[in-house]
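Contents: one structure, followed by commentary.
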Number of protein chains: 2
Amino acid sequence: MPRTVDHEERRAHIADALVRVAGRDGLHAVTMRAVATEAGVSLRLVQYYFDTKAQLMVGALRHLERQSHQRWARRLAELPDPVSPRAFIGAFLAEALPTDEQSRVFHLVGTSYAVLAMTDSDLVEEPFVAGVDNLERQLTDALRRAEAAGQLPPGTDIAVEVAHLLALNHGLGTSVVIGQRTVDEAWAVLHRHLDRLFATDTRATAATP
Amino acid sequence: MPRTVDHEERRAHIADALVRVAGRDGLHAVTMRAVATEAGVSLRLVQYYFDTKAQLMVGALRHLERQSHQRWARRLAELPDPVSPRAFIGAFLAEALPTDEQSRVFHLVGTSYAVLAMTDSDLVEEPFVAGVDNLERQLTDALRRAEAAGQLPPGTDIAVEVAHLLALNHGLGTSVVIGQRTVDEAWAVLHRHLDRLFATDTRATAATP
DNA sequence: CGGTATATGATACCGATGTATCACCATGTT
DNA sequence: AACATGGTGATACATCGGTATCATATACCG
């Protein structure tokens with residue numbers, strides 16, 4: 001065998017290039033050649049590591065999910081050890097808001113894939129719903145903890161609230177990326193909603209924005 | 001001049017075809033030829049009425065906005081004459097949920113354009129923000145009326161609530177189109193939120209779903 | 001009645017894009 | 001040392017998509 005190379009690293013490198021292109025010019029501008037150029041490799045290499053364009057697309061999506069998962073884990077690990085559920089949820093949702101370039105690209109590319117999944121469903125569905133399900137599970141757990149700690153008003157329907165938070169967060173993210181709202185405005189909405197959701201007597205202030 | 005034809009009607013016809021194609025196969029599948037075939041006209045005709053593809057795209061977007069505007073107007077006109085603000089807002093938001101094929105296509109195509117606007121900003125921006133601004137204005141007015149009628153808790157920040165409702169509605173619509181939620185679940189979230197927003201003593205039930 | 005501007009069809013062109021092919025290089029194993 | 005195999009480059013091919021061109025039919029105006 002020739003000088004053996006770390007395949008996974010190469011694939012990650014190429015996937016990163018795709019995300020950069022999609023984040024800059026849109027997912028429709030993603031072509032095998034554009035990705036190759038962005039990654040600084042030859043077209044043939046992209047073909048070699050991802051046989052077809054479809055595989056390249058789902059590969060990049062999976063890569064993006066993994067990456068964002070790490071981002072979340074890192075951010076949540078920075079929180080003080082016994083975190084109030086409210087602070088946890090605040091940080092969790094804040095991470096999805098397009099505050100810096102990386103999260104902006106994440107939202108943009110993620111939404112692009114979501115739109116893709118609306119029509120070419122089966123193509124991209126599996127890695128996509130996996131990521132979304134993961135977020136939903138974590139949020140549900142956090143809300144359960146909050147409920148167990150008696151921080152939610154009685155009769156709160158957790159599934160409904162989770163759906164609300166996720167939809168709201170996505171909508172806010174989109175409005176920010178579009179330029180319709182500033183990050184601060186989005187934050188105000190989120191903050192206000194959490195205040196209402198955790199409507200107990202002890203009204204704590206939220207976590208770090 | 002030859003047999004003079006209603007240009008506006010022709011343009012609307014072609015724009016409709018574009019929306020159908022985009023709603024079925026995705027906005028990336030929209031090509032001049034595909035639109036021509038869908039509209040049952042020659043490629044040349046599409047070129048004739050919309051010189052370039054960019055013009056075709058913004059033309060169709062404008063058409064979509066007009067059309068949805070009419071949908072809203074019709075729906076809101078059906079409400080009983082002195083409408084409670086709550087019922088008005090409920091109906092207003094319900095209209096955006098992807099309940100039937102038409103609203104599903106509206107959401108799908110609208111979101112596709114939104115994603116486009118994230119990168120090719122100037123191309124599609126003008127008609128896009130116009131539509132969004134319009135919704136925002138109507139919602140703001142409705143909330144102002146509610147406030148004037150004393151149906152909102154004191155200290156409600158209307159701008160924040162409007163941003164919340166719009167973002168939430170968009171997010172819910174997307175989750176429904178993706179297949180992540182059913183329309184009923186989305187409705188439950190919306191309903192629950194309106195309950196909370198109109199948290200006065202007289203707890204009225206919502207309008208027709 | 002003829003002409004001219006409007007309206008529509010057929011088709012050509014060029015660039016981009018996904019995919020395929022062929023050759024070649026490098027290295028670890030026998 | 002030889003060779004088989006993993007890795008890489010150059011390039012070709014077919015298709016598709018946007019745009020351009022040429023021709024022509026229609027009907028209204030003078």
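Computed from a predicted model, the values in this text were never measured in an experiment.
Of the N and O atoms on the side chains of Thr174(B) and His170(A), not one donor lies less than 3.5 Å from an acceptor on the other residue. A donor-acceptor contact closer than 3.5 angstrom links the side chains of His63(B) and Gln67(B).
Spacing between atom NE2 of His28(A) and atom P of dA16(C) amounts to 15 Å, rounded to whole angstrom units. Nucleotide dC16(D) holds its C1' atom 13 Å from the NZ atom of Lys53(A), rounded to whole Å. Here dA7(C) presents its P atom at 13 Å from CG of Asp51(B), a figure rounded to the nearest Å. The nearest whole Å value for the distance from the CG atom in Leu56(B) to the P atom in dG17(D) is 14 Å. Here the C1' atom of nucleotide dT8(C) and the CD atom of Gln47(B) are 11 Å apart, to the nearest Å. The CE atom of Met32(B) sits 17 Å away from the C1' atom of dT11(C) (whole-angstrom rounding). Taking atom CG of Leu43(A) as the reference point, atom C1' of dA12(D) lies 12 Å away to the nearest angstrom. The nearest whole Å value for the distance from the CG atom in Leu18(B) to the P atom in dG17(D) is 14 Å.
Listed pair Thr52(A) / dT19(C) meets the phosphate criterion, a side-chain N or O lying under 4.0 Å from OP1 or OP2. For dG18(D), the OP1/OP2 oxygens have a side-chain nitrogen or oxygen of Thr31(B) closer than 4.0 Å. At the phosphate of dG7(D), OP1 or OP2 sits under 4.0 Å from a side-chain N or O atom of His7(A). Put simply, Ser42(B) has no side-chain N or O that comes within less than 4.0 Å of OP1 or OP2 on dT8(C). One finds a side-chain N or O of Arg10(A) lying less than 4.0 angstrom from the OP1 or OP2 phosphate oxygen of dT8(D).
A cation-pi arrangement is not found for Arg71(A) relative to Phe106(A), the charged atom failing to lie both closer than 6.0 Å to the ring centre and inside a 45° cone about the ring normal.
The base of dG18(D) sits with one of its N or O atoms less than 3.5 Å from a complementary donor or acceptor on the side chain of Arg33(B).
Side-chain atoms of Tyr49(B) lie closest to dT8(C) of the nucleotides dG7(D), dT8(C), dA20(C). Distances from the side chain of Arg44(A) to the nucleotides dA20(D), dG18(C), dC22(C) place dC22(C) closest. With dG6(D), dG9(D), dT6(C) as the choices, the nucleotide that has an atom nearest any side-chain atom of Tyr48(A) turns out to be dG6(D).
Counting heavy atoms from C-beta outward, His164(B) and Arg192(A) have side chains that stay 4.5 Å or more apart.
Sequence order on DNA chain D of the closest nucleotides to Val41(A) and Val30(B) puts Val41(A) first from the 5' end.
Ring planes of Phe92(A) and Phe88(A): parallel class, angle under 30° (limits at 30 and 60°).
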